Amino acid sequence: MKLSTKEKSRLKEKYGEWAIVTGASSGIGLELATQLADAGFNLIIHGRNLEKLKEVEMQLSANSNIAIKLVAADVSEQEGVEKIIQISQGVNIGLLIVSAGYGTSGNFIESSLHTEINMLKVNCEALLSLTHFFSQQFVSQKRGGIVLMSSMVAFQGVPYSANYAATKAYVQTLAEGLAIELKPFGVDVLAAAPGPVKSGFSQRANMQMSMSLKPSEVGVPILKALGRKTTVLPGLLTKILVYSLRTLPRWAKVKVMEKVMGGMTAHQRQ
Ligand SMILES: NC(=O)c1ccc[n+]([C@@H]2O[C@H](COP(=O)([O-])OP(=O)(O)OC[C@H]3O[C@@H](n4cnc5c(N)ncnc54)[C@H](OP(=O)(O)O)[C@@H]3O)[C@@H](O)[C@H]2O)c1
């Protein structure tokens with residue numbers, strides 16, 4: 001999937017010249033960075049691994065004539081977040097995409113508390129710090145866009161991935177509130193809430209996904225929704241999964257998710 005010429009111009013006019021994409025070394029972040037490069041945005045691309053970022057830089061430079069800065073930083077640590085902020089100094093940033101994140105799954109009582117807290121820091125604390133810093137900057141320049149990666153698991157509790165779903169509920173709720181609060185200042189905030197997407201995610205989360213979207217099926221819908229919606233459910237599979245649950249009371253949605261996530265994590269309990 002590609003952005004139309006009209007859509008590329010809209011994004012550039014509203015949010016150009018530079019975008020920051022965290023988690024750009026893989027999956028959804030990589031797809032968003034690729035689409036933005038194609039639209040002519042200069043990019044600050046972030047991930048933990050510098051070698052992977054250099055490969056992404058080569059890939060992006062081969063197809064577009066844009067400036068690219070790399071920042072390798074673990075955002076579970078405050079210094080990692082500071083590194084991203086530092087590299088953005090003096091750069092005309094108009095777009096922040098926070099895609100760095102990961103999931104966990106399995107029986108909660110058998111999980112590592114260290115890992116669960118680390119995930120909370122990456123998915124919520126780092127996202128909050130970056131959103132806070134760049135919202136202030138965007139409000140003062142009276143324009144900007146912020147995309148926060150939520151998930152379809154954000155809309156109800158999810159047995160066997162309870163803490164991951166809770167981190168995404170935080171992201172979803174934060175984005176919904178900020179979208180209204182920052183709109184009068186010319187700043188657009190979007191919660192992107194995909195269903196399963198084939199990326200590095202499932203391996204790290206130890207989930208077995210039977211159906212999934214490709215990152216190329218979610219990137220364009222996310223960028224098209226920015227400035228037009230508060231929440232996007234990118235891809236047909238996401239819409240089918242979320243809408244099929246929508247009429248159920250919340251307790252029943254949790255029961256359905258018990259079955260769904262139970263299947264995705266069954267291998268861990270054999
Ligand atoms: N895939 C799905 O099914 C799905 C569905 C809904 C929502 N999401 C959300 O979408 C976002 C992107 O996930 P994805 O599917 O693209 O997964 P992915 O392919 O695993 O990419 C995750 C990205 O986050 C970075 N990252 C992870 N931990 C980090 C840390 N401590 N510090 C800095 N960077 C870190 C990774 O960098 P390295 O490569 O250096 O590790 C990578 O660039 C996540 O927030 C995820 O929760 C994913």
Side-chain angles (χ1 to χ4, degrees), residues 20-34 43-57 70-84 97-105 114-131 147-155 158 161 163-172 174-175 190-219 221-222 231-235 237-238 241-242 257 260-261 264:
I20 296 189
V21 184
T22 77
S25 54
S26 171
I28 301 168
L30 173 58
E31 172 63 21
L32 290 168
T34 306
L43 291 175
I44 295 178
I45 51 171
H46 157 265
R48 283 180 303 180
N49 182 317
L50 187 59
E51 292 314 308
K52 272 209 239 172
L53 288 173
K54 284 183 182 164
E55 278 173 35
V56 174
E57 181 187 29
L70 315 183
V71 52
D74 183 341
V75 294
S76 67
E77 321 227 331
Q78 189 55 30
E79 301 89 79
V81 174
E82 294 300 332
K83 234 174 140 179
I84 298 175
I97 298 196
V98 186
S99 193
Y102 69 99
T104 58
S105 69
H114 175 79
T115 305
E116 298 300 326
I117 291 174
N118 183 277
M119 179 177 65
L120 201 58
K121 288 181 176 170
V122 175
N123 292 8
C124 302
E125 190 179 335
L127 175 141
L128 170 67
S129 300
L130 291 170
T131 303
V147 178
L148 304 179
M149 287 309 302
S150 171
S151 165
M152 67 164 281
V153 302
F155 304 117
V158 179
S161 193
N163 187 37
Y164 173 62
T167 69
K168 292 297 161 180
Y170 170 83
V171 174
Q172 178 68 33
L174 181 73
L190 177 71
V197 178
K198 201 170 164 48
S199 67
F201 177 85
S202 60
Q203 194 186 2
R204 190 164 179 199
N206 199 8
M207 290 177 193
Q208 287 181 345
M209 296 175 176
S210 52
M211 289 180 293
S212 54
L213 292 156
K214 296 190 199 108
S216 60
E217 293 174 279
V218 297
I222 290 173
T231 297
V232 60
L233 303 173
L237 177 62
T238 306
L241 293 172
V242 175
M257 289 312 286
V260 173
M261 194 53 74
M264 285 162 71

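Note that the coordinates shown come from a computational prediction; the quantities given were computed from them, not determined experimentally. Counting starts at 1 for both ligands and their atoms, following the listed order.
- Remark: ligand 1 atoms within the under-4.0 Å shell around heavy atoms of N49 are 40 (O).
- For atom 17 (O) of ligand 1, the candidate residues are S202, S199, A154; the nearest heavy-atom contact is made by S199.
- The closest protein non-hydrogen atom to atom 23 (C) of ligand 1 is G23 CA, 3.7 Å.
- The shortest contact between atom 48 (C) of ligand 1 and any protein heavy atom is with I28 CD1, 3.9 Å.
- Rounded to the nearest 0.5 angstrom, S150 OG and F155 CZ are separated by 5.0 Å.
- By the 3.5 Å distance cut-off applied to N or O atoms, V75 is counted among the residues near ligand 1.
- For ligand 1, the atoms closer than 4.0 angstrom to any heavy atom of M209 are 3 (O).
- Ligand 1 has no nitrogen or oxygen under 3.5 angstrom from a nitrogen or oxygen of S151.
- Of all protein heavy atoms, the one closest to atom 34 (N) of ligand 1 is H46 CE1, 3.4 Å.
- By the 3.5 Å distance cut-off applied to N or O atoms, N123 is not counted among the residues near ligand 1.
- Residues L241 and V260 have side chains not in contact (no heavy-atom distance under 4.5 Å, counting atoms from C-beta outward).
- Of the candidates A33, G101, P234, A73, it is A73 that places a heavy atom closest to atom 33 (C) of ligand 1.
- Near K52, with a cut-off below 4.0 Å to any heavy atom, the atoms of ligand 1 are 38 (P), 39 (O).
- Under the 4.5 Å side-chain criterion, counting only non-hydrogen atoms from C-beta, E116 is in contact with T104.
- One distance of note links CD of E31 with CD of E217; it measures 10.0 Å at 0.5 Å rounding.
- Of the possible donor and acceptor atoms, none in the side chain of H46 sits under 3.5 Å from a partner among the backbone N and O of I20.
- Not a single heavy atom of K198 sits closer than 4.0 Å to an atom of ligand 1.
- Y164 places none of its side-chain heavy atoms less than 4.5 Å from the side chain of V158.
- With contacts defined as side-chain heavy-atom distances shorter than 4.5 Å, the pair P196/M152 qualifies.
- Taking atom 27 (C) of ligand 1 as the reference point, the nearest protein heavy-atom neighbour is R204 NH1, 3.2 Å.
- Under a 4.0 Å heavy-atom criterion, G195 is in contact with ligand 1.
- Counting heavy atoms under 4.0 Å from ligand 1, residue M152 does not touch it at all.
- Atom 42 (C) of ligand 1 has its closest protein heavy atom at S25 OG, 3.6 Å.
- When only interatomic distances are considered, the shortest N/O to N/O separation between P194 and ligand 1 does not fall below 3.5 Å.
- Counting heavy atoms from C-beta outward, E77 and E82 have side chains that stay 4.5 Å or more apart.
- Ranking protein heavy atoms by distance to atom 19 (O) of ligand 1, first place goes to S26 OG, 2.5 Å.
- Across E77, Q203, M207, R48, heavy-atom proximity to atom 40 (O) of ligand 1 is greatest for R48.
- Within the 4.0 Å heavy-atom criterion, neither part of A193 lies near ligand 1.
- Below 4.0 Å from some heavy atom of D74 lie the following atoms of ligand 1, by number and element: 30 (C), 31 (N), 32 (N).
- No N or O atom of V122 sits closer than 3.5 Å to an N or O atom of ligand 1.
- You'll find the side chain of I222 stays beyond 4.5 Å of the side chain of I97, heavy atoms only.
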Inset, instruction - Dump the intermediate steps for side chain to side chain contact (heavy atoms under 4.5 Å, CB included) on T231 and Q172, then the final yes or no. - result: CA-CA 8 Å; T231 297; Q172 178 68 33; 2.9 Å; yes
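- At a 4.0 Å cut-off, not a single heavy atom of G80 sits close enough to ligand 1 to count as contact.
- Protein heavy atom nearest atom 3 (O) of ligand 1, with residue, atom name and distance: V197 N, 2.8 Å.
- Numbered from 1 in the order shown, with element, the atoms of ligand 1 that lie under 4.0 Å from a heavy atom of S99 read 11 (C), 12 (C), 44 (C), 45 (O).
- With contacts defined as side-chain heavy-atom distances shorter than 4.5 Å, the pair I117/K121 qualifies.
- Using a 4.0 Å cut-off to heavy atoms of P196, the atoms of ligand 1 that qualify are 3 (O).
- Ligand 1 places these atoms under 4.0 Å from at least one heavy atom of G27: 16 (O), 19 (O).
- For the residue pair Y170/N123, the side-chain donor-acceptor check at 3.5 Å is not satisfied.
- Checking only distances, G200 does come within under 3.5 Å of ligand 1, N or O to N or O.
- For the atom pair OG (S199) and NZ (K214), the distance works out to 14.0 Å, reported to the nearest 0.5 Å.
- The proximity of A126 to ligand 1, defined as any non-hydrogen pair under 4.0 Å, does not occur for either the backbone or the side chain.
- For the pair S161 (side chain) and S105 (backbone), a donor-acceptor distance under 3.5 Å is absent.
- With hydrogens left out, the protein atom closest to atom 8 (N) of ligand 1 is Y164 OH, 3.7 Å, a heavy atom.
- Residue contact annotation: S150 has a non-hydrogen atom under 4.0 Å from ligand 1.
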